[in-house]
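In what follows, a single structure is set out as structure tokens and then discussed.
Read the numbers this way: they start at 1 and go in the same order the structure lists the ligands and their atoms. Along the sequence shown, residues carry numbers from 1.
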Amino acid sequence: MPVATIEWTDGKLCLIDQTLLPNELRHIECETVEQVWEAIKVLRVRGAPAIGIAAAFGTVLGIWDSDATRYSDFKEELDHVTDYLATSRPTAVNLFWALARMRDTAAAHQELPIPALKDRLLAEAQSIRKEDQEICRAIGRHGAELIQDGMGILTHCNAGGLATADYGTALAVMFTAREQNKKIHVFADETRPLLQGARLTTWELMQAQIDVTLICDSMAAQVMREKRVQCVIVGADRIAANGDTANKIGTYGVAILAKYHQIPFYVAAPTSTFDMTLATGEDIPIEVRSDEEITEPTGKRIAPIGVQVYNPAFDVTPAELIAALITEKGIIYPPFESNLKILFQK
Ligand code: MRU
């Protein structure tokens, strides 16, 4: 990323306001946990890993002014802050993973005086951010093994540097392939209704000077039939123990199209995106967002007032449609259930 997506500067969380891209590159500063909650809710910061990182720093902001002197009082405040941040968005498990890590860190250092414990929590949020940068590089390295010179690649939504601390997951594979001098051509689905593909993925790829062509979501089948793409790579918001994968709405349809056209469909995600407590994708909570995202996509109404609308923000791709999961620990092939068990036991 030419500019950092998420940074901690002078006691504030500094974020790129992604709702304004690509027309305006503006940073916002969050000084309160309420501002971080709002930024996650309205997608100023978005993408599973980035949401987790923002929530970790949001936790720090939420407890920073605590005047508790005993751990039990501090813990009560911390639980309140993390419970509040957990209500911002339901699907990306990285949010809950990061909040649990912050609570566990406090519990493991409860003997510290409260000011030192606050510093320790800030250090933990910094570590989550830094680790994510390293994880994205590793995902890129592993995933690039699947990319051959001259390949066309389809992606959906945005799983790039904007969705992580830096470099991305699905886009990390493309950035790395490019660094290895492989020539690739990316087709980016626009990703209705919030257009993360059109607004963010094309922006990132163009800055990296990777060939990218924007298509409407409805054009993916035709692009595959014309043999313009040889694989699909997407990110993930939550992956169940059997490999079922929740990602941006429309991903499931792309996976079905890929299967029909015999094109491998890959999911790139850090291990923090796996929810091994869920046996299948059936129980992944799917966020339903406001009607206006569909009826007034750019502030101008495009559907009759009073029309009924359904706006699920994510869908679940069944594991059987996924050729491989690209993680920082390597590429996982089917059978996912047993191979993921081995991975998470290590
Ligand atoms: O609603 P969003 O923009 O937060 O959805 C993002 C996605 O679905 C991404 O593909 C996913 O979080 C992976 S980001 C590395």
Mark up the atoms of ligand 1 that fall under 4.0 Å of a heavy atom belonging to Ala159, in ascending order.
14 (S), 15 (C)
Judged by atom type as modelled, is there a donor-acceptor pair below 3.5 Å linking the side chain of Asp244 to the main-chain atoms of Pro318?
no
Should Thr164 be counted as touching ligand 1, given the test is an N or O pair under 3.5 Å?
no
Got a second to check how far Ser127's OG is from Glu134's CD, nearest 0.5 Å?
9.5 Å
Given Gln18, His156, Lys248, identify the one with the heavy atom nearest to atom 5 (O) of ligand 1.
Lys248
Does the residue Thr91 have a heavy-atom contact with ligand 1, meaning some pair of atoms that are separated by less than 4.0 Å?
no
Do we see a donor-acceptor contact under 3.5 Å between the side chains of Thr19 and Asp17?
yes
Steps toward side-chain hydrogen bond (donor to acceptor under 3.5 Å, both in side chains) verdict (Arg141, Thr176):
CA-CA 6 Å; Arg141 273 196 307 276; Thr176 310; over 6 Å; no
NZ or CZ of Lys248 within 45° of Phe314 ring axis and under 6.0 Å
yes
What atoms of ligand 1 come within less than 4.0 Å of a heavy atom belonging to Ala163?
14 (S), 15 (C)
Can you report which non-hydrogen protein atom sits closest to atom 13 (C) of ligand 1, along with the distance?
Ala236 O, 3.3 Å
Rounded to the nearest 0.5 Å, what's the gap from CZ on Arg289 to NZ on Lys41? Could you check?
6.5 Å
Per-atom contacts of ligand 1 with Thr169, taking only distances under 4.0 Å to non-hydrogen atoms:
15 (C)
Provide the number and element of each atom of ligand 1 under 4.0 Å from a heavy atom of Asn247.
7 (C), 8 (O), 9 (C), 10 (O), 11 (C)
May I ask whether Ala313 has any heavy atom positioned less than 4.0 angstrom from an atom of ligand 1?
no
CD on Glu328 to OG1 on Thr271, rounded to 0.5 Å:
3.5 Å
Basic-acidic side-chain contact under 4.0 Å: Arg129, Asp132:
no
the protein heavy atom lying closest to atom 3 (O) of ligand 1 turns out to be Arg46 NE, 2.6 Å
Under a 3.5 Å cutoff, is there a donor and acceptor pairing between the side chains of Asn94 and Arg238?
no
Any heavy atom of Leu194 under 4.0 Å from ligand 1? The part involved is neither
Ligand 1 versus Ala92: contacting region, heavy-atom distance under 4.0 Å
neither
Interatomic distance, OG@Ser290 vs CD@Glu293, rounded to 0.5 Å, equals 4.0 Å
Is any side-chain heavy atom of Lys118 less than 4.5 Å from a side-chain heavy atom of Ser66?
yes
Looking at Arg89, which atoms of ligand 1 are within less than 4.0 Å of one of its heavy atoms?
1 (O), 2 (P), 4 (O)
Which of the numbered atoms in ligand 1 are under 4.0 angstrom from any heavy atom belonging to Gln196?
1 (O), 2 (P), 3 (O)
Considering only the protein, which heavy-atom contact is closest to atom 11 (C) of ligand 1, and what is its distance?
Asp237 OD1, 3.2 Å
Under a 4.0 angstrom heavy-atom cut-off, which atoms of ligand 1 come close to Ala48?
12 (O), 14 (S)
Ligand 1 atoms nearer than 4.0 angstrom to some heavy atom of Pro49 are 14 (S), 15 (C)
